[in-house]
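Step one of this worksheet: look at the structure below.
Residue numbers start from 1 in every chain, and the chains themselves are labelled A, B, ... in the order their sequence lines are given, proteins ahead of strands. Keep in mind that this is a model prediction, so the values were computed, not measured.
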2 protein chains.
Amino acid sequence: MKETSVQTIVANLELAIHEHRLAPGSKLSEDEVGEIFGVSRTVVRAALQRLSHTHLVELKRNIGAFVAQPSIREAREVFEARALLEPRTARSAAERITPADLALLRSHLDQEEEAMAQQSTGRALHLSGRFHIEIARIADQNTIAEFIAQLVARSSLVIALYWQRRGALCDRHGHEALLRALARQDGALAEELMKQHLLDLMTSLDLRNRASAPTSLREALLP
Amino acid sequence: MKETSVQTIVANLELAIHEHRLAPGSKLSEDEVGEIFGVSRTVVRAALQRLSHTHLVELKRNIGAFVAQPSIREAREVFEARALLEPRTARSAAERITPADLALLRSHLDQEEEAMAQQSTGRALHLSGRFHIEIARIADQNTIAEFIAQLVARSSLVIALYWQRRGALCDRHGHEALLRALARQDGALAEELMKQHLLDLMTSLDLRNRASAPTSLREALLP
DNA sequence: TGATCCATCATTGTATACAATATTGGGCCG
DNA sequence: CGGCCCAATATTGTATACAATGATGGATCA
């Protein structure tokens, strides 16, 4: 059983986008990706199609695949959707969380802090997103978790384009507070904290003009 | 410019599933679908992949594609996700609705009633779903609208599997009341009505055991 | 000199061929 | 007679070949 080929490519590209090694707008040539992973264009196309479903990649017919560049409007929509889904999900998570879940979240936060200390902002951002996805998983809602995972991924692109004060990752305090609320199984508080956390995130963006330029594909994937 | 090939197949299969001409569990053979639409397996596979991403089709590796059969758990999750997204979206829609939007919704409801009168329950169900999607579009939230569209589609499968009293489509009254609230731009009422409508829908399902058996592909697509 | 047009090239879209895997049916053995 | 195993068949997974479309660059003409 190896669904691996497509899955591997999807996972690699996803991670590269998540960690901002592949900038929005970068072209993903089928031949080039295929050569890098040692597969034919057939499987590359399948992978790119899957990424386009989650709006991480934009497919332009007869032109090619590019890392998506969410518009300002789309950026707002993504965060509005998160505001609808995540607070209530955090509440559910607080009501169901187990010690094992708590330990996992704790570990995530520690890794996040470590990455920050090493200035690996890409990795820190990725872990920060995983934190949100983990909460959805704890809430035991696969369907909603899938939506949140997609929104988190798209948020990563939004951050790449519209993040202004890169120095101060205000995330950490929000996540720490959330973890405490979850540990106390305080659903109402978790819901409120998540709501506020998302608002903080959105207001830390500058939704007026974009930054960042495309990257070389090989450079991003073959370090 | 013809993205048509894949798009056409996706749309046709989607509609057939929506209208319950293709029952959950039906096998979608690549050769057979390709022959019906006069394209190669390449494009059929692309279409099936897209449908699998929205959970309308389940792809089993080395075995094939089947119309999805949502589990009871998944059925609950779908409606819980809708409960999170749709009421607030209905409120937004009420606040932004235009006369043209109202006319469109009115027309949808009329068509729905007509289909019901003709005993075309499949078509009635499809139109009933479209009503929800239209509301999301009116709310001017493409991202959320896409999620809702997916959930509505999956709901159609859930209904095919778990609907009990097929005779009484209680939908209509709910939709009529919603339309009145929207016409009055009463956001709070629209939100409450949508919430109740979704609860009604869910409680009209029997989430204990499934019904319905797979259908012949040709029979469903070539009427 | 600059812009436009056309030919060439590169890249994607689709079909087909081959490989790998699962299903099926018949024969064999107990 | 029933269960099991293996071969034949059908279906999916992947690679490659060909077709169609967009990008590129140089030559020509104003």
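- Taking the side chain to side chain contact (heavy atoms under 4.5 Å, CB included) definition, one finds that A/Q111 meets it with A/S107, A/R123, A/L127, sequence neighbours left out.
- For D/dT14, the OP1/OP2 oxygens have no side-chain nitrogen or oxygen of A/T42 closer than 4.0 Å.
- Between B/M194 and B/H132 there is a side-chain heavy-atom pair separated by less than 4.5 Å.
- Taking atom CZ of A/F37 as the reference point, atom P of D/dT14 lies 15 Å away to the nearest angstrom.
- For B/R96, the side chain to side chain contact (heavy atoms under 4.5 Å, CB included) test picks out B/S92, B/D140, with sequence neighbours left out.
- Every side chain to side chain contact (heavy atoms under 4.5 Å, CB included) that B/Q118 has, sequence neighbours left out, goes to B/E114, B/S120.
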Report task. Classify every nucleotide of nucleotides 6-12 of chain D by which part a protein heavy atom approaches to under 4.0 Å, writing B for the base, S for the sugar-phosphate alone and - for neither, in 5'-to-3' order. Result -> -----SB
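- Listed by first then second residue, pairs satisfying salt bridge (Lys or Arg N to Asp or Glu O under 4.0 Å) with a partner in residues 4-19 of chain B read B/E19-B/R21, not counting sequence neighbours.
- For the pair A/Q49 CD and C/dT14 P, the computed distance is 10 Å after rounding to whole Å.
- Between D/dG13 and A/S5, no contact under 4.0 Å exists linking OP1 or OP2 to a side-chain N or O.
- Under the rule for a side-chain hydrogen bond (donor to acceptor under 3.5 Å, both in side chains), the partners of A/D110 that lie at least two apart in sequence or sit in another chain are A/R106.
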